[in-house]
Amino acid sequence: MEVLPKLIVFSAPSGAGKTTLVKHLLTKDDLNLAFSISAASREAREGEVDGKDYYFLGTKEFKNRIKAKDFLEFEEVYQDQFYGTLKEEVERLWGQGKNVIFDIDVVGGLRLKEKFPNRTLTIFVKPPSINELQIRLKKRKTETAEKIAMRVAKASTEMATAPQFDVIIKNDDLSEAKALAYQTVLEFINKKVSDDQAK
Ligand code: 5GP
């Protein structure tokens, strides 16, 4: 068994605070993490940068890449909105000797665990409540009321998948959640694991 590069997956309903936790962990040099930039079919939002926040492929190109089997996992996360992890992205970061950290939806997260059961740690970030989630999304002001309603509706289904994750972090108190996330990830990346059979 060796200390192989790992996959650290953060999944949660939109607005639960997973992005904040992921950004926090990326500041910790001892974790040797690099962020997996996902591909998305949607347009970039104000302030988002192609190749930094996402690879914004557009729907046509995204579907071509599905056909070409270029994805490790992909999902139609919302109607007509596709997101996915490109194989070449993980290869790129593992090639740099990095542990790869993901901010992806629950289905995609569990799919990566299936593919790399030994090397992957899945973390579910739980918002205090669905009501609180709605308040956070409204405050964020990045989505229309309709899109917020869509995300809140999806959150209930996503919450039900929490027991399938390796670790659940309840995000009531941000500094506690940050400390727990750091400890959990630190332990896992130093763990010796056997290599996964490619699936
Ligand atoms: P947003 O549009 O707010 O940036 O992201 C919408 C949702 O897509 C979030 O729940 C996010 O976790 C998910 N997502 C982002 N990248 C990926 C990915 O590569 N794969 C999957 N399955 N979901 C993703």
Side-chain angles (χ1 to χ4, degrees), residues 7-26 33-59 61-63 65-66 68-94 100-116 120-127 130 133-134 136-162 164-165 168-169 171 181:
L7 301 178
I8 310 293
V9 173
F10 274 78
S11 296
S14 179
K18 69 178 181 306
T19 307
T20 309
L21 292 177
V22 168
K23 285 194 173 147
H24 170 69
L25 295 180
L26 281 163
L33 293 170
F35 183 69
S36 165
I37 302 165
S38 295
S41 67
R42 69 164 172 77
E43 304 275 300
R45 289 186 197 122
E46 176 92 32
E48 283 182 331
V49 179
D50 187 29
K52 182 169 170 270
D53 298 287
Y54 285 107
Y55 299 113
F56 293 103
L57 301 184
T59 307
E61 171 68 7
F62 200 104
K63 289 187 173 168
R65 305 291 300 258
I66 295 174
K69 300 203 183 325
D70 287 347
F71 288 103
L72 268 182
E73 63 76 32
F74 71 90
E75 269 297 306
E76 187 174 2
V77 177
Y78 305 105
Q79 200 183 359
D80 295 326
Q81 285 189 42
F82 294 85
Y83 298 84
T85 307
L86 289 162
K87 289 177 187 165
E88 67 200 33
E89 177 67 2
V90 172
E91 282 160 11
R92 177 176 80 85
L93 300 172
W94 271 352
V100 185
I101 188 163
F102 299 80
D103 177 345
I104 66 178
D105 96 312
V106 296
V107 180
L110 294 170
R111 184 94 187 94
L112 286 180
K113 178 82 184 182
E114 259 174 41
K115 291 211 163 181
F116 302 99
T120 307
L121 177 72
T122 52
I123 299 175
F124 186 92
V125 185
K126 215 172 187 173
I130 298 278
L133 196 75
Q134 200 161 11
R136 288 186 193 177
L137 285 173
K138 279 186 186 157
K139 265 199 209 150
R140 199 161 84 177
K141 293 198 179 114
T142 53
E143 256 77 29
T144 58
E146 189 198 352
K147 289 225 164 129
I148 290 178
M150 194 161 85
R151 284 174 186 235
V152 170
K154 192 165 186 267
S156 310
T157 334
E158 289 168 332
M159 293 282 259
T161 67
Q164 295 175 54
F165 283 73
I168 299 175
I169 294 182
N171 192 8

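These numbers come from the heavy atoms of this one structure, side chains and all, not from hydrogens, waters or symmetry mates. Order of appearance sets the numbers: ligands from 1, and atoms from 1 within every ligand.
The NZ atom of Lys18 sits 8.0 Å away from the CG atom of Asp105 when rounded to the nearest 0.5 Å.
Around ligand 1 you find Lys18, Ser38, Arg42, Arg45, Tyr54, Glu73, Glu75, Val77, Tyr78, Tyr83, Gly84, Thr85, Asp103, Ile104, Asp105, Gly108, Arg151, each with a heavy-atom distance below 4.0 Å.
When all heavy atoms are compared, the tightest approach of Ile130 to Ala155 is CD1-CB, 3.8 Å. Between Glu89 and Phe35 the shortest heavy-atom distance is OE2-O, 3.7 Å.
Ring geometry for Phe62 against Phe74 counts as perpendicular: the plane angle is over 60°, on a 0 to 90° scale with 30° as the lower cut.
Lys115 places a side-chain N or O within 3.5 Å of a backbone atom of Leu72 that can act as its donor or acceptor partner.
With a 6.0 Å radius and a threshold of 12 heavy atoms from other residues, nucleotides or ligands, Lys87 has its NZ atom above the threshold.
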